[in-house]
Structure formats: C-alpha cells, structure tokens
Amino acid sequence: MDLSATSLKPAIADRRLLVIDGHSLAFRAYFALPVENFTTSAGMATNAVWGFASMLSRVILDEHPTHIAVAFDVKGGTFRNELLPQYKGTRDAAPEDLLTQLPVIQRLLDALGVTYIEKPGFEGDDVIATLATMGEQAGFDTLVLSGDRDAFQLIDDKITVLYPGHHFKDLKHMTPQAVEDKYKVPPQRYPDLAALRGETADNIPGVPGVGDGFAAKWINQFGSLDGIIEHADEIGGKKGEALRENIEQVKLNRRVNALVRDLDLNAQVGDLVLAEPDLSAVDKLFAELEFGPRTKQRLLKAFPGGESSRITTEEPESECAIEDPTIDDIDTDGFEGWAARHIVEVLPAGEVHVDSLDDPSRTVNAFWTIHVEGTILHGESTPWSLSVLAPDRHAVVLSPAQAREQSAVISRLLASHAGTCAMHGYKEQIHLLAALGIEAAHPWFDTQLAGYLVESDYHPDSLDAAVSHFLDVQVESRKDQPSQGELLLDGDQAQGDAGEIDEVLAARRVACVSALVCKLVPMMSQRRQYELMHTVEIPVSEILAAMELRGAAVDQSRLVDMRDRFAAEAREAQEQAWDAANKRINLQSPKQLQTVLFDDMQLRGTRKTKSGGYTTDASALQEMAIRNVNNERASMFLVSLLRFRETNKLKQIVQSLLDEVNGNDGRIHTTFEQTVAATGRLSSVAPNLQNIPNRNVAGREIRGAFVPGEGYVSLMSCDYSQVELRIMAHCSGDESLIEAFRSGADFHRYVASLVYGIPVDDITADQRSHVKAMSYGLAYGLSTYGLAQQLKISPAEADVLKDKYFATFGKVHEYLETLVSEAREKGYTETMFGRRRYFPGLRSTNRRVRDAAERGALNAPIQGTAADIMKLAMIKADGALREAGVRSRIILQIHDELVLEVAGGEAERVTDLVSRAMETAVHLDVPLDVSTGIGDDWQLAAH
DNA sequence: TACATCGGGGT
DNA sequence: TTACCCCGATGTAT
C-alpha cells in the first residue's frame with residue numbers, strides 16, 4: 001500500500017488560539033537585544049519592536065495558530081494594588097526608550113491585523129485568562145505565551161503555556177504534566193503554591209523558609225491551600241509556626257494571584273482569526289523604523305498570504321506528515337487476529353534482504369512500526385506502553401500487562417516480519433521489549449541509527465527532537481512520565497480518562513517513528529547508508545544491548561579502600577598547598593588559583609584561556625614549576641597543587657564508579673551511546689568506562705578493581721595496535737609504511753630509522769618518541785607548533801622533522817591532502833565502509849572554522865574506519881563465541897580494545913577466537929596486529 | 001536552577 | 001596552536 005495517499009494531512013488542530021502577553025514579550029525583547037544595534041538614524045530605539053516582531057513570526061511558524069490576540073497592561077493601578085499596596089512595588093519603572101516602543105508595537109499589530117486588548121483596572125494576565133477561557137469554551141486549543149508564572153493556573157488539556165527559558169526564544173511547552181513534573185502539584189494548585197512561596201518579582205512576601213518543595217508537600221498532604229489553612233494547627237516545626245504567623249498574607253496572596261477569567265472584553269474569539277496583513281501599512285511602518293526587506297519578509301512569511309503559508313495550510317512539502325492513527329480496540333478482537341489482518345496478511349514475511357537496499361531509486365512504503373515507551377535501567381527497565389502501527393495507519397496500544405500477555409505473539413511477529421519492521425532506537429527497544437518478555441529481531445529500519453548515519457553531527461536526544469529536526473514540525477507526543485494511576489492498566493482498571501489520553505499520545509509516538517522512516521528512507525538510499533545500517537549498526541546494537549545488560553563486575557571493597565586512600569592523599573596535598581599559599585583557597589577554582597599564582601605570587605603566566613585569564617592547566621603549572629625552582633613557596637605550591645589535582649581526580653573517578661554500582665548484582669552497567677560520536681565511534685555514559693585511567697601506575701590501579709564476576713575466572717583484554725596508522729598505510733598505499741608494518745619490527749623504531757636514515761639499532765629513545773608523536777599527530781592534523789609544544793622542541797626543529805617524515809612517506813602526505821580536497825569537493829568524507837560525515841565548515845570564510853573543518857576532514861575517515869573495523873570485529877567475535885558455545889563474553893569496548901569475562905577452562909579457546917576475529921575483521925594491505933592478555937583483573941589482563 | 005567555562009580522564 | 005568523547009566543580013545569570 002502507498003502511504004503517501006493516506007498520510008498527508010498534518011496533525012494540526014483545526015482551531016488553535018495563540019494569546020500573547022504583550023508587555024512581557026516586549027520587556028524580554030528589549031532586554032535581550034542591545035539597543036545600540038537597533039536605533040534609527042533619528043535616534044529612536046527599535047530593539048523591542050524588532051524582537052517582538054521576530055518572536056511573533058517565530059511562534060506563529062512553530063505553532064500554527066489559526067487565531068491570535070495580544071493582551072497589554074494599562075497604565076494605572078489594578079484591583080490588586082488595592083488589596084496589596086506594595087504589589088509589583090519593587091519593579092523598576094520601565095526604561096523610557098522601552099515605553100516609547102509600546103505604541104509602535106501596537107501600530108505594528110494593527111498593520112498585521114492582530115487584535116490587541118487592554119482593560120483598565122485589570123492586568124494583561126486577566127485579559128489572557130479570559131481569552132483562554134473563552135477559547136476553551138469555543139473548542140479551541142489555546143497557547144498562552146507569557147513570562148509570568150501566574151499563567152500556569154490556566155493550564156489544562158486544552159491550554160498550554162509557552163514559557164520563555166534562559167534565552168527568550170526557547171519556549172517551554174508547559175502542559176499539565178510539565179507543571180506537575182516541575183512543581184509536583186497540578187496546574188490548578190499552582191497559585192496555592194505561589195501564595196505560600198511568595199513572588200519576589202512582584203514584591204509579594206511568602207511564608208519565610210517555605211519554598212516550592214514544602215509548599216508542594218503541604219498541598220499534596222491537605223489537598224489545597226484551603227485544606228492547609230484548615231489544618232494549619234497540625235503542622236509542626238518552625239515552618240508550621242511561620243505559616244500560622246503569615247496566614248493572612250498567604251490568603252491575601254492567593255486572592256491577588258487569582259486571575260480573572262470572566263472579563264467583558266467586547267470581543268469574540270472567532271473574530272481573532274489570523275488575517276492577511278495590511279501590506280502598505282507594514283511598509284510604511286517599516287520604513288519609519290528602518291527595518292530592511294529581509295526582516296519584513298521573515299515577518300510576513302508567518303502570516304496568511306506570506307511566502308510559506310501555502311506550505312502550512314495546504315500539503316507539507318514532504319510527504320511525511322504525522323497523522324494520529326486510528327486506534328483499534330483489541331478487547332473485542334484479540335491482538336493476534338488484529339496483527340494477522342493488518343500486518344501478516346498485508347506485508348511479506350521474512351528477513352531483510354540487503355542486496356538492493358542502497359539503490360537510490362528505491363522507495364519503500366510498506367512497513368509496520370513498533371514502539372515501546374518506558375525508562376531504561378539495565379536489569380530493571382520499566383515499559384509504559386507498547387504500540388504497533390500497521391501500514392493502513394491503524395494502531396494498537398497495549399499496556400505493559402497486555403503486552404506481557406501477548407509476548408509470544410509479538411515475538412513471533414517480530415521474527416516473521418523483521419524484514420518490514422521499523423523502530424526508533426533498536427538497542428533501547430531491545431531492553432524495553434525484554435522487560436515485557438518479548439524477543440526483538442533485527443529490524444528493517446531504525447530511525448535513530450538512520451538519522452545518525454545521514455547526519456552524524458546532529459545528535460537528537462529524544463524522538464521528539466529527531467522529529468522536529470528531520471520533519472521540521474513540532475508535535476506534542478510525549479509526557480515525560482506517566483504519573484501515578486495514569487500508567488496504562490489492564491481491562492477493568494484501565495478505562496479512566498487518563499488512560500485514554502495516554503493511548504493517543506502513545507499512538508502518536510509510533511506515528512512519529514513511521515513519519516521519520518518516510519523521511520529518512522530516501523536520504524539513506526541517496527547517501528547509500530543502508531548497507532552500513534544492516535551489516536554494522538544494527539548487529540552492533542544487539543551486541544551492545546547484551547553488554548549493557550551484563551555490566552562489569554567490580555570489587556567494591558577495593559574501590560572503597562582506593563577512594564579513601566586517594567582522598568587522604570588529596571587532603572594532604574591540599575594542606576601543603578594551603579601552607580604555601582598562606583590561604584585556604586578552593587584548589588578546584590581556577591579563578592581563585594589565578595589570584596594566588598598571578599596576583600599574590602606574581603608568577604608569569606603562560607597561555608591564556610578564552611575568557612582572558614592565564615590558564616592553570618597541568619602543563620602550565622609544570623612549566624611554571626620549572627621556571628621557579630628557586631622560589632620555594634611557589635614551587636611548593638605548584639607541586640602540591642599538581643599532586644592535589646591528580647589524586648583528587650582519581651578519588652572522583654573511583655567515587656563515580658562506586659555511585660554507579662548496581663545494588664542487585666554489584667556490577668556496573670554503563671550505557672554505550674551508538675549515535676553520539678560524529679566519527680562513528682561509540683561513547684560510554686553513566687558511567688563512562690572508556691576513560692578509566694591507564695597512563696600512570698596510580699591511575700591504572702583502578703583497573704584492578706574490575707574483576708571477573710560470579711561464574712567467571714578471569715578477564716581478558718584484546719587490543720589493536722596502531723590501527724589508525726595501519727589504516728593510513730593501507731589507504732595511502734605508501735610502500736615504505738606498508739613495509740614497516742609487514743616487517744614485524746618495533747614499528748616506531750623502524751620508522752625512525754627510515755626518517756633519520758640511520759640503522760635501527762642506532763635510534764635513540766628521543767628519536768623514537770619524536771617520530772612516534774609525529775606519526776600519531778598526522779591523523780589529527782597536528783601543526784608544527786603543536787608538535788613542537790608536545791615534544792618540547794623548537795618549532796623550527798619540528799618543521800625539520802615534519803619535512804623529513806613526509807620526504808620518507810610521500811604517499812601518506814599525498815593521501816592526507818587528498819582526503820581534505822575530496823571533502824571540499826563533495827562536502828563530506830567517507831570511511832572505507834562508506835560511513836559519511838559532512839563538513840560544511842570547509843567552505844567557511846572564517847579561517848579558524850575552516851582550519852578546524854580541515855582537521856576534522858583529515859581525521860574523520862581514519863578514526864571512522866578504525867571504528868568501523870572494531871564494530872565488524874565485535875560482530876565477528878560475538879558470533880564466533882556464540883557458535884563455539886562458550887560462556888565467555890564481551891563486556892566492554894574501549895575504542896580499540898575489547899574486554900571479556902572469561903569462564904573457567906575457556907581461556908585459550910577464547911583468546912584464539914577473539915584475536916582471530918579481530919585480526920580478520922577486514923583485509924588490509926598490512927596485517928592487523930592484535931595483542932591479548934589475561935588475568936585476575938583488568939589491570940593484570942594488560943599486556 | 002540552568003548554563004558556560006575550566007580542567008582532566010580515555011583512545 | 002591535534003581528532004573524538006564524558007564528567008565534576010565553579011561561578012554567574014536567572
């Protein structure tokens with residue numbers, strides 16, 4: 001079936017009212033934009049007008065209202081001042097050049113045909129409250145754009161407040177759930193909470209010592225402010241006393257912050273329709289304000305008759321709109337029957353056939369989508385709902401209990417129709433499905449992996465973010481967490497209102513995934529990324545999911561000992577540093593360090609940080625220590641500081657590991673991020689197990705705390721040596737470098753002998769290390785300056801080394817230049833396996849940006865190919881282990897190293913299987929060298 | 001409370 | 001003034 005026929009209409013409500021707090025928006029615009037940049041030649045300030053206009057167009061484009069109104073405050077007091085004379089008393093009077101802009105903004109609104117409303121004796125907020133209420137009664141979805149939190153009391157299913165965040169252009173969608181999450185009370189109780197807490201901005205005192213937390217606690221305990229007042233005597237402690245003392249104030253606050261929702265405004269909501277602007281009036285005003293044509297175009301674009309309005313009112317340019325599916329009730333039907341009719345009988349069975357997937361002319365419109373919502377916690381993930389969307393846009397939403405009941409059916413469906421199955425985030429889905437007793441199978445399409453493969457520099461952190469990025473629409477599709485009693489329950493319990501709402505959202509989520517598939521399929525084909533997705537990323541997802549679930553066992557008592565020891569040593573170093581400084585400063589504050597080093601001690605700084613001060617990083621401290629060996633206090637301080645930094649860091653690392661130990665199994669379950677690193681590498685979070693110290697003895701000790709778990713006898717570590725250099729040798733075809741690897745000699749020593757033209761045996765340690773640094777620097781685009789810095793030699797000497805190196809390995813030089821020039825031509829780089837990364841920065845006119853892009857373009861194919869090879873090796877090794885039927889298993893990947901937990905009696909066999917898998921992951925013109933080690937812990941497994 | 005900056009751990 | 005990451009602490013703005 002053809003999706004394009006059925007899924008074109010955007011899911012935008014027919015009638016959507018946007019109500020704007022005019023004063024609050026003008027204020028924010030005024031303070032966000034520097035007035036110097038927005039002044040007419042006659043000296044009139046225009047920053048607030050400009051900011052207001054640009055925000056207005058932005059919100060209209062983002063939110064697609066059909067109706068719109070702006071509310072303003074009126075000069076003179078309101079009924080609130082009579083109740084509470086000091087109300088808003090601390091607010092500074094608005095600056096003169098803001099006040100003069102308010103009438104201009106109103107003129108602009110007139111020209112645009114936007115109604116604005118003021119009501120003497122009342123605030124804009126009351127007008128807003130009234131409009132929102134009228135809108136709700138007339139069946140509108142209403143958005144309230146306001147920076148005043150009093151507006152939160154209006155929020156319900158139909159009314160959402162857009163609340164500006166840190167930057168005023170980031171608007172938070174405050175839904176009932178968002179308010180509940182943030183304040184732990186429902187929106188209608190928010191004013192109770194505000195009355196207790198007070199509002200400094202409005203000069204309203206609350207109960208001293210009572211903040212949001214206590215206010216929410218009481219509200220939840222007694223139901224509401226009235227309940228609290230009734231039971232005020234029962235509340236003990238200082239806070240209870242404070243409450244009783246201020247109870248009249250609180251009551252007054254509550255009367256003041258209640259918005260009036262039934263003003264007589266002399267207007268009908270239906271009349272607020274977004275209309276075509278009066279172009280000549282806009283032109284005239286813009287000429288006065290000296291706004292350019294681009295500002296005008298941008299503003300008008302948002303209004304009917306403007307350039308892009310056709311797209312939003314008719315069909316969107318992409319055929320991938322999100323439409324709420326028809327939700328089928330399976331109580332009367334049974335899931336299996338539903339799946340048979342909507343999926344099994346419609347779609348072909350079988351696995352994915354990889355052959356023709358990368359054909360750019362290919363289109364796919366016959367697939368089904370499965371999506372489990374929930375939170376992931378390795379070992380005890382919590383699914384909230386499972387949704388299945390069929391190609392005919394019919395969907396079923398199951399509660400966790402229902403899904404468990406159907407687990408066998410769903411597992412079978414996933415297995416039999418994997419070849420037409422789409423998901424978002426296979427790895428996460430594996431965990432959530434497993435928690436429901438369902439076994440996942442390699443899907444045909446993963447929208448998260450696909451998004452990563454087509455645009456690896458962009459990392460959405462949620463499905464919604466991916467949707468708004470790739471489909472350029474905002475949808476409300478996610479509550480952060482179902483609140484209590486709102487989880488989808490089973491049959492008899494489930495049919496409350498809350499359950500109904502969740503179903504719609506869950507169905508919308510799966511529709512989002514489906515829309516992403518629609519958008520990404522042509523991009524994947526065009527960029528030829530299917531093969532990578534199927535042969536690399538999807539199988540890797542499965543392996544990573546298993547690794548995450550296994551976790552890594554640690555010896556907790558050893559960690560605790562280490563932490564205490566590092567902590568003691570850090571304290572000692574701190575005392576010494578304090579003595580030397582004659583001050584008990586915070587050694588973790590660069591700012592305080594700067595005063596001691598550069599003011600008190602008058603030391604000469606080295607490099608500057610980007611905020612202007614001298615850096616206090618380790619290399620600078622070392623340099624200063626050398627310069628000041630004769631200054632006893634200074635060197636004492638510097639040395640102690642360095643020792644503090646080192647030991648304190650180690651303490652923190654150990655502590656962070658302890659914090660992450662799972663209480664159930666005593667193991668650490670990291671999460672491997674598969675779509676974060678733009679080059680194709682994995683990353684590891686919570687905790688990061690890819691940066692456990694390894695460079696010096698003290699740090700390496702931490703690796704000793706990683707041990708084989710119950711049922712296992714040792715850990716094995718296998719790593720590639722010099723993969724990136726081998727890739728350079730292979731890709732450049734440089735005979736000398738290839739020979740260097742084939743010879744099997746000490747690589748760096750061998751290379752040094754070629755570079756310096758002296759026999760291998762005569763190479764000094766210095767020469768070897770210089771050449772080694774040069775070799776590694778190549779893949780990073782290291783400058784001569786950087787090389788000099790690192791080797792502590794002069795830039796001139798570094799230059800000589802570089803020239804000699806490239807004279808010896810000419811093809812390497814050529815290859816690196818080709819990488820950049822090809823990237824410049826095509827706009828992207830590619831690894832050996834076709835993984836792409838785009839580099840728009842190569843065309844930048846800013847030299848720094850361009851240089852950075854060039855270094856990236858140099859590095860990405862090399863680092864990326866190494867990442868590809870390791871991923872292939874993991875697939876191969878995992879397959880080999882399974883086929884051999886051994887119990888030993890991979891638990892960690894650290895870019896070029898695999899760590900395995902080895903079962904008794906399997907050491908030799910596993911060493912053989914894994915090293916063979918890694919060596920033969922791909923065939924290069926140079927051998928892939930793998931070294932392995934095995935031992936009682938990770939440190940002892942080193943080699 | 002949220003964000004930017006600094007510093008430092010890994011490959 | 002070397003690529004790619006993750007994280008904690010500080011200090012500032014909100």
Side-chain angles (χ1 to χ4, degrees), chain A residues 28 31 147 164-168 170 172 182 200-201 211-212 456-457 459 585-594 607-621 641-642 645-646 648-657 659-660 670-673 676-696 699-700 702-703 719-724 773-774 776-790 795 798 829 837 847-848 851-864 866-867 870 892-897:
Chain A
R28 292 220 172 223
F31 288 108
H166 185 65
H167 283 295
F168 89 129
D170 314 329
K172 274 210 168 69
K182 189 155 166 69
T200 24
D212 288 343
S456 55
D457 278 277
H459 172 61
I585 62 157
N586 185 344
L587 298 180
Q588 297 187 117
S589 163
K591 206 176 159 223
Q592 296 178 38
L593 289 177
Q594 282 168 356
R607 292 164 294 112
K608 297 264 186 102
T609 64
K610 66 171 128 180
S611 57
Y614 285 111
T615 179
T616 66
D617 67 19
S619 72
L621 296 180
L641 176 56
L642 282 162
R645 282 249 178 94
E646 189 183 339
N648 192 51
K649 175 82 184 181
L650 293 173
K651 185 204 80 179
Q652 266 171 211
I653 291 175
V654 174
Q655 184 59 52
S656 73
L657 292 177
D659 291 342
E660 296 283 354
T670 185
T671 297
F672 290 102
E673 294 283 357
V676 167
T679 49
R681 275 190 176 178
L682 302 177
S683 76
S684 158
V685 290
N688 181 358
L689 293 185
Q690 290 179 322
N691 71 342
I692 305 302
N694 197 18
R695 285 179 194 172
N696 56 48
R700 242 197 312 271
I702 300 176
R703 297 190 169 217
D719 65 69
Y720 282 122
S721 27
Q722 308 115 359
V723 237
E724 297 190 353
M774 179 71 214
Y776 280 108
L778 287 180
Y780 301 142
L782 185 64
S783 64
T784 35
Y785 180 91
L787 185 65
Q789 188 87 20
Q790 193 190 323
T829 60
R837 182 174 176 193
R847 200 179 62 84
R848 284 178 53 85
D851 284 354
E854 285 180 2
R855 289 192 298 269
L858 196 78
N859 177 260
I862 300 168
Q863 188 181 119
M870 180 48 111
L892 297 175
Q893 187 253 43
I894 303 97
H895 308 304
D896 62 5
E897 171 185 11

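So you know, we letter chains A, B, ... as the sequences are listed, proteins then strands, and number each from 1.
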May I have the distance from Glu660(A) (atom CD) to dC7(C) (atom P), rounded to whole angstrom?
8 Å

Round to the nearest Å and state the distance from Asp617(A) atom CG to dG9(B) atom P.
11 Å

Interatomic distance, Met774(A) CE vs dT2(C) P [rounded to whole Å]
12 Å

Using the side-chain heavy atoms of Asn688(A), tell me which of these nucleotides is nearest: dT10(C), dC6(B), dG9(B).
dG9(B)

In whole angstroms, how far is the P atom of dC5(C) from the CD atom of Glu897(A)?
20 Å

Taking any heavy-atom pair under 4.0 Å as a contact, classify Leu689(A): base, sugar-phosphate, or nothing.
nothing

Quick one: list whatever passes ring-ring contact (aromatic ring centres under 6.0 Å, His included) with Tyr785(A), sequence neighbours left out.
none

What residues in residues 782-790 of chain A put a non-hydrogen atom under 4.0 Å from any atom of DNA chain B?
none

Nearest whole Å is fine: how far is dT2(C) C1' from Ile862(A) CD1?
12 Å

Can you tell me the distance, in whole Å, between the CG atom of Asn648(A) and the P atom of dG9(B)?
11 Å

Take atom OH of Tyr776(A) and atom C1' of dG10(B), then tell me their distance rounded to the nearest Å.
14 Å

I need the CZ-C1' distance between Arg848(A) and dT1(C), as an integer number of Å.
9 Å

